[in-house]
There are 2 protein chains.
Amino acid sequence: MLSIPTDEILDPRVKRTRNLLEQAFMEAVTEKGFQAVSVQDITERAGINRATFYAHFPDKYALLDHSVRQMFRQELEKRMLSVCTFSMENLRQLVIAVCEFVSNANSHCAPPQPQFESLVETQVKAQLQELLQNWIEQAGSDVDPKIAATAASWAVYGLASQWSHDKKRPPVESFADQVLPLVASNLHLMQTA
Amino acid sequence: MLSIPTDEILDPRVKRTRNLLEQAFMEAVTEKGFQAVSVQDITERAGINRATFYAHFPDKYALLDHSVRQMFRQELEKRMLSVCTFSMENLRQLVIAVCEFVSNANSHCAPPQPQFESLVETQVKAQLQELLQNWIEQAGSDVDPKIAATAASWAVYGLASQWSHDKKRPPVESFADQVLPLVASNLHLMQTA
DNA sequence: TTGCTTAGGCAACAGATGTTGTATAATTTA
DNA sequence: TAAATTATACAACATCTGTTGCCTAAGCAA
């Protein structure tokens with residue numbers, strides 16, 4: 001297993017290989033669905049030896065983890081949510097961001113596959129939890145930040161996931177407005193906004 | 001694939017085979033951990049042909065799903081939570097039940113394995129959602145029952161999961177007391193209790 | 001540049017997976 | 001009881017999986 005860190009100087013060969021693998025992986029997933037994609041598929045498309053794959057990732061699930069983490073992080077940065085403090089408007093934007101990300105991820109993988117969605121969930125929730133905990137701590141609330149952040153991040157992800165599966169779902173914005181008070185109640189920060 | 005329903009008259013051969021598989025599966029999991037268990041393991045222990053396994057379950061993940069669903073359902077029935085209406089005390093008991101179930105499940109599988117936990121999560125949350133939605137509907141709240149039940153069930157599971165991973169965790173009862181208001185706020189039913 | 005370090009290519013392996021076809025035995029239905 | 005249905009056993013299969021050892025070549029540091 002080679003070094004994993006994202007923000008570190010990497011051997012250009014490593015960078016190249018991982019990019020090829022990630023790219024081939026996304027292609028294969030959108031084409032055949034996550035379940036049907038084998039490590040063989042990925043490495044053949046990428047023009048990388050199969051053994052090399054295992055030098056970077058234990059299995060295809062780890063590669064999915066890695067890709068999702070990276071994509072969601074980029075999404076948060078693009079929307080400048082990773083560098084701000086709590087406000088109702090920011091919370092609203094966060095809900096929208098999660099809804100759109102989850103919806104987009106799931107659309108790449110019909111029919112719904114629990115394994116795939118679980119891995120997306122784990123990565124997204126981890127970053128949500130971290131972000132919300134920061135917001136709570138900075139706002140100096142009286143609740144336990146970790147506990148509140150846990151409840152809130154799970155609630156947000158759950159609502160986003162349900163929305164994304166809704167056959168005739170409302171526009172993201174109105175859905176966000178609808179659930180905002182519910183989500184905010186987990187943070188106990190309404191008054192400090 | 002044979003018929004799945006739980007509460008139906010089953011061919012005794014099917015019942016026997018599934019019981020043997022479930023039993024062998026649980027043995028193998030507690031002994032080697034979920035990841036390391038192969039379909040071979042299970043069928044050899046059970047004295048069942050490997051091909052027969054695939055006549056009942058698509059893979060070992062489906063068997064885990066099945067087992068967990070069954071165990072959690074039994075747990076709820078034992079605590080008589082599946083046949084009651086909302087009250088703060090019942091909600092408290094529910095939180096405790098989930099904490100203990102999750103903790104017990106995870107203890108069977110060290111070190112923590114996301115795949116395993118994700119499958120447990122999916123099954124537990126599905127039943128939580130159903131139960132909470134019933135509570136909300138029976139209480140005749142003004143919130144959307146589905147949305148509130150989603151937020152609450154995810155929050156409950158998330159908190160239980162975090163508690164179960166806490167190295168020096170407080171007793172279940174005091175943890176339940178601590179998070180109860182947070183959980184209840186998702187239901188918007190505090191006044192009707 | 002030279003030499004050291006390390007990633008990737010290649011081949012081969014044992015093992016697991018999922019599937020198929022046929023035969024046998026258990027169960028149900030009439 | 002006799003005939004039907006259907007679950008299981010068994011064997012064999014192509015495929016995928018993780019892993020290993022050896023070799024080549026790309027990158028880095030003196």
Side-chain angles (χ1 to χ4, degrees), chain A residues 1-6 8-25 27-29 31-66 111 113-116 119, chain B residues 1-25 27-29 31-67 111 113-116 119:
Chain A
M1 178 62 59
L2 309 176
S3 54
I4 293 280
T6 314
E8 211 170 294
I9 308 101
L10 284 184
D11 189 317
R13 291 169 295 179
V14 174
K15 203 161 197 167
R16 170 183 167 277
T17 299
R18 290 201 186 150
N19 284 339
L20 287 172
L21 286 176
E22 287 168 24
Q23 199 176 323
F25 175 63
E27 270 181 38
V29 166
E31 189 177 304
K32 315 172 57 175
F34 177 69
Q35 184 75 9
V37 172
S38 67
V39 175
Q40 294 235 44
D41 280 332
I42 302 167
T43 53
E44 278 171 14
R45 282 171 197 260
I48 299 290
N49 191 275
R50 197 167 57 85
T52 303
F53 177 96
Y54 290 104
H56 290 270
F57 304 98
D59 49 38
K60 66 172 179 171
Y61 301 96
L63 176 52
L64 177 61
D65 256 28
H66 178 77
Q113 297 180 343
Q115 298 217 4
F116 176 82
L119 294 181
Chain B
M1 177 63 60
L2 310 176
S3 56
I4 294 281
T6 315
D7 302 335
E8 213 171 292
I9 307 100
L10 283 186
D11 189 318
R13 290 170 294 180
V14 173
K15 202 162 196 165
R16 172 182 166 276
T17 299
R18 290 201 187 153
N19 285 339
L20 287 172
L21 286 175
E22 287 168 24
Q23 199 175 323
F25 175 64
E27 269 181 40
V29 165
E31 188 177 304
K32 315 172 59 176
F34 177 69
Q35 184 75 9
V37 173
S38 67
V39 174
Q40 295 237 44
D41 280 331
I42 302 168
T43 53
E44 277 171 14
R45 282 172 196 259
I48 298 292
N49 191 276
R50 196 166 57 85
T52 303
F53 178 97
Y54 290 103
H56 290 269
F57 305 98
D59 48 38
K60 68 173 180 170
Y61 300 96
L63 175 52
L64 177 60
D65 256 29
H66 178 78
S67 301
Q113 297 179 342
Q115 300 218 2
F116 176 83
L119 294 181

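Chain naming here is simple, since letters A, B, ... match the order of the sequence lines and numbering starts at 1 in each.
Checking C:dA7, D:dA7, D:dT8 against every side-chain atom of B:Asp11, the shortest atom distance belongs to D:dA7. Among the nucleotides D:dC16, C:dA7, D:dA7, the one closest to any side-chain atom of A:Gln40 is D:dC16. The side chain of B:Arg13 lies closest to C:dA25, out of D:dC10, C:dT6, C:dA25. Side-chain atoms of A:Thr52 lie closest to C:dG9 of the nucleotides C:dT17, C:dG9, D:dC16. Nearest to the side chain of A:Asn49, among D:dG18, C:dC10, D:dA25, sits C:dC10. Side-chain atoms of B:Pro12 lie closest to C:dT28 of the nucleotides D:dA25, C:dA12, C:dT28. Listed nucleotides: D:dT20, C:dT17, C:dG18. Nearest to the side chain of B:Ser38: C:dT17. Minimum atom distance to the side chain of B:Arg50 is reached by C:dT19, of the listed C:dT19, C:dG8, D:dT20.
Every residue two or more places apart in sequence or in another chain was checked for a side chain to side chain donor-acceptor pair (under 3.5 Å) with B:Gln40, and none qualifies.
Atom P of nucleotide C:dA16 and atom CZ of B:Arg45 are separated by 13 Å, given to the nearest angstrom. Between B:Leu20 atom CG and D:dT8 atom P there is a gap of 10 Å when expressed in whole angstrom units. Nucleotide D:dC16 holds its C1' atom 11 Å from the CD atom of A:Glu44, rounded to whole Å.
Judged by distance alone, the side chain of B:Lys60 and the main-chain N or O of B:Phe34 form a donor-acceptor pair under 3.5 Å. No side-chain donor-acceptor contact under 3.5 Å links B:Asn19 to the backbone of B:Arg16.
Summary for the helix from C:dT1-D:dA30 to C:dA26-D:dT5: the axes at its two ends, each from 5 pairs, differ by 40° when rounded to the nearest 10 degrees.
Minimum interatomic distance between A:Ala46 and A:Leu20 (heavy atoms only, all atoms of both residues): CB-O, 3.6 Å.
Remark on DNA chain C: of its neighbouring residues B:Val39 and A:Arg16, the 5'-side contact belongs to A:Arg16, judged by nearest-heavy-atom nucleotide.
For A:His56, no side-chain nitrogen or oxygen approaches OP1 or OP2 of C:dA7 to under 4.0 Å. Phosphate contact (OP1/OP2 of C:dG18, side-chain N/O of B:Tyr54, threshold under 4.0 Å): present. Considering only side-chain N and O atoms, B:Thr17 lies under 4.0 angstrom from the phosphate OP1 or OP2 of D:dT8.
Side-chain atoms of B:Leu63 and B:His56, non-hydrogen and from C-beta on, never get closer than 4.5 Å to each other.
The line from CG of B:Asp59 to CZ of B:Phe57 is 10.5 Å long, rounded to the nearest 0.5 Å. Here the OG1 atom belonging to A:Thr17 is positioned 11.0 Å from the CD atom belonging to A:Glu22, to the nearest 0.5 angstrom.
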